[in-house]
Amino acid sequence: MTDVTDVKIKVENIVASATLGKSLELPKVAPALEGVEYNVEQFPGLVYKLKEPKTAALIFGSGKLVCTGAKSIENSIKAIHIAVDKMRSLDPDIPHEFEIKIQNIVASANLMSTLNLEAVAMDLENTEYEPEQFPGLVYRLGEPKVVLLLFGSGKVVCTGAKSKEDAQLGVEKTKERLIELDLI
Amino acid sequence: RLRKWQRKIRISGATERNLAFALSELDRDSSRLGLPRSVREAASVVYRNAVENKLIRGRSIEGVVAASLYAACRRCNVPRTLDEIAEVSRVTKKEVGRTYRFLTRELNIKLPPTSPVDYVPRFASELGLSGEVQSKAIDIIEQAMAKGLTSGRGPTGVAAAALYIASVLLGERKTQRDVADIAGVTEVTIRNRYKELTEQLDMGVTL
DNA sequence: ACCTTACTTTCCAAAGC
DNA sequence: GCTTTAAAAAGTAAGGT
């Protein structure tokens, strides 16, 4: 009974970083990226928004970039390659091979049961619940090291995960713990 | 030897000056909020504990004072909202909240979430509502909490809606605008809570 | 009253103030 | 700590019709 394995998580956002291994002359490669924003005083990186996959890339002079907004690891990697390929049209020396690392995965899930957050706040360890400030209860899990936001509706957000497996595990462990404490 | 001694004097002198400044700041904020001496003392205890545990590093004295006051008000069951604390201190709501979380975590202070019930006496007296209305409002809030109707909702909004409903039920009607202004929420929020409470609780009377 | 937009919270990397 | 990006959750707020 109490099958925790039936909890379905939906990946909502992925943050990935890439290191090209070669510094970039931003003024030189920026023209290859249509609609790019660049305000050094405001932020040191170029802001490039892609429509497909719908993502946003932050590109730095050091040759490192950050991609946010993708809903799958595959799309995140695809978006990074699209941006890098475009820049390479203006700078042939940009490597074709480079490292990409998944930094954060945000997922949502539904425990299919309403939660009494004041009760959860009292019995569950490592929680913060300040309804005056935010309607969700913050639950920090140690293993995997992820943070969950629990809502009265039973909906959950898991963030801080480095892999889909950790996000899934985080939600499952949270559900198990809530059942264990008779808070489900 | 003499130099080391002088340094101690200098450091303790600075420490004393900082403490004196913090306490005057605490008194200033407290009087603006109209807080009783007991709450000011509770806040000064929190502040002194923060200093003893070296938690002031990287934080403004004003911020720690404001967070100490916020915590003391909650512990004494006479809560002020983060907005009210931010208004009288020269610290943003965001920093008061951030420092409050830091202090409670580092000093192992675990306060339960603010109960809407704690706002009833203050809001009711500012609205000139009777003790009967207050009791009715508290009764409504307790029923709401028992049915899980307060999870995730702002305590002031729940207290405001309960007082509004109680005032109508007991013939001391106040407008949503009056209650909203004193509770620091919008009329829309009172209407939303009002709808949930009247639909899901047995008030014994149809409004 | 409705609708839309927007802010609160959590996470993370990037370069630099 | 801040700046910029993205995304979900749900409550609250503000402005327009």
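We name chains A, B, ... by the order of the sequence lines, and we start the count at 1 in each one. Computed over heavy atoms, backbone and side chain alike; hydrogens, waters and symmetry mates excluded.
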Taking atom [atom1] in both [N] and [M], compute the distance separating them and give it to the nearest angstrom.
N	M	atom1	result
D:dA7	C:dC3	C1'	23 Å
C:dA1	D:dA9	P	25 Å
D:dT3	C:dC7	P	12 Å
D:dT5	C:dT4	P	24 Å

Between [options], which nucleotide has the shortest distance from any of its atoms to the side chain of [X]?
X	options	result
A:Phe134	D:dA7, D:dA9, C:dA14	D:dA9
B:Thr189	D:dT4, D:dT12, D:dA8	D:dT12
A:Val47	D:dA7, D:dT4, D:dA9	D:dT4
A:Phe60	D:dA10, C:dA14, C:dC12	C:dA14
A:Thr159	D:dA6, C:dC11, D:dA9	C:dC11

Phosphate contact ([N] OP1 or OP2) by [X] side-chain N/O below 4.0 Å:
X	N	value
B:Thr186	D:dT12	no
A:Lys49	D:dA6	yes
A:Thr68	D:dA7	no
B:Arg191	C:dA1	yes
A:Gln133	C:dT8	no

Specify the separation, in whole Å, of atom [atom1] of [X] and atom [atom2] of [N].
X	N	atom1	atom2	result
A:Leu50	D:dT5	CG	C1'	13 Å
A:Glu12	C:dC11	CD	P	18 Å
B:Arg153	D:dG11	CZ	C1'	9 Å
A:Tyr38	C:dA14	OH	C1'	13 Å
A:Phe98	C:dA13	CZ	P	19 Å
A:Leu137	C:dT8	CG	P	20 Å
B:Tyr194	D:dT12	OH	C1'	20 Å
A:Lys164	C:dC11	NZ	P	23 Å

Quiz prompt | Atom pair OG1 (A:Thr159) and CG (A:Asn104), whose distance is rounded to the nearest 0.5 Å | solution = 4.0 Å
Self-check item: Short side-chain to backbone donor-acceptor contact, B:Lys147 and B:Met145, under 3.5 Å
Solution: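 Between the backbone of B:Met145 and the side chain of B:Lys147 there is no qualifying donor-acceptor contact (under 3.5 Å).
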Practice problem: May I ask you to check whether over 12 heavy atoms, not counting those of A:Glu25, lie within 6.0 Å of atom CD? | Solution: no
Self-check item: Modelled atom types, side-chain donor and acceptor of A:Tyr139 and A:Glu128, under 3.5 Å
Solution: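 No, A:Glu128 and A:Tyr139 have no side-chain donor paired with an acceptor closer than 3.5 Å.
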Exercise. Please check if any side-chain donor atom of A:Gln103 sits under 3.5 Å from a side-chain acceptor atom of A:Ser17, or the reverse.
Key: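 Yes.
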Just to be sure I understand the rule, does [X] reach a base, reach only the sugar-phosphate, or reach nothing, if contact means heavy atoms closer than 4.0 Å?
X	result
A:Thr55	nothing
B:Gly63	nothing
B:Arg59	nothing
A:Lys71	sugar-phosphate
A:Lys10	nothing
B:Val185	sugar-phosphate
A:Val147	sugar-phosphate
A:Gly136	nothing
A:Ser62	sugar-phosphate

Practice problem: Report the residue (A:Pro135 or B:Arg98) whose heavy-atom-nearest nucleotide on DNA chain D is the more 5′ of the two. | Solution: B:Arg98
Self-check item: DNA chain D: 5'-proximal contact among A:Leu149 and B:Lys94 (nearest heavy atom)
Solution: B:Lys94
Quiz item: Quick one: are the ring centres of A:Tyr38 and A:Tyr48 less than 6.0 Å apart?
Solution: no
Practice problem: Apply the test side-chain hydrogen bond (donor to acceptor under 3.5 Å, both in side chains) to residues B:Thr114 and A:Glu132: give CA-CA distance (whole Å), side-chain angles for both, the deciding distance (0.1 Å), then the verdict. | Solution: CA-CA 8 Å; B:Thr114 302; A:Glu132 177 192 332; 5.2 Å; no
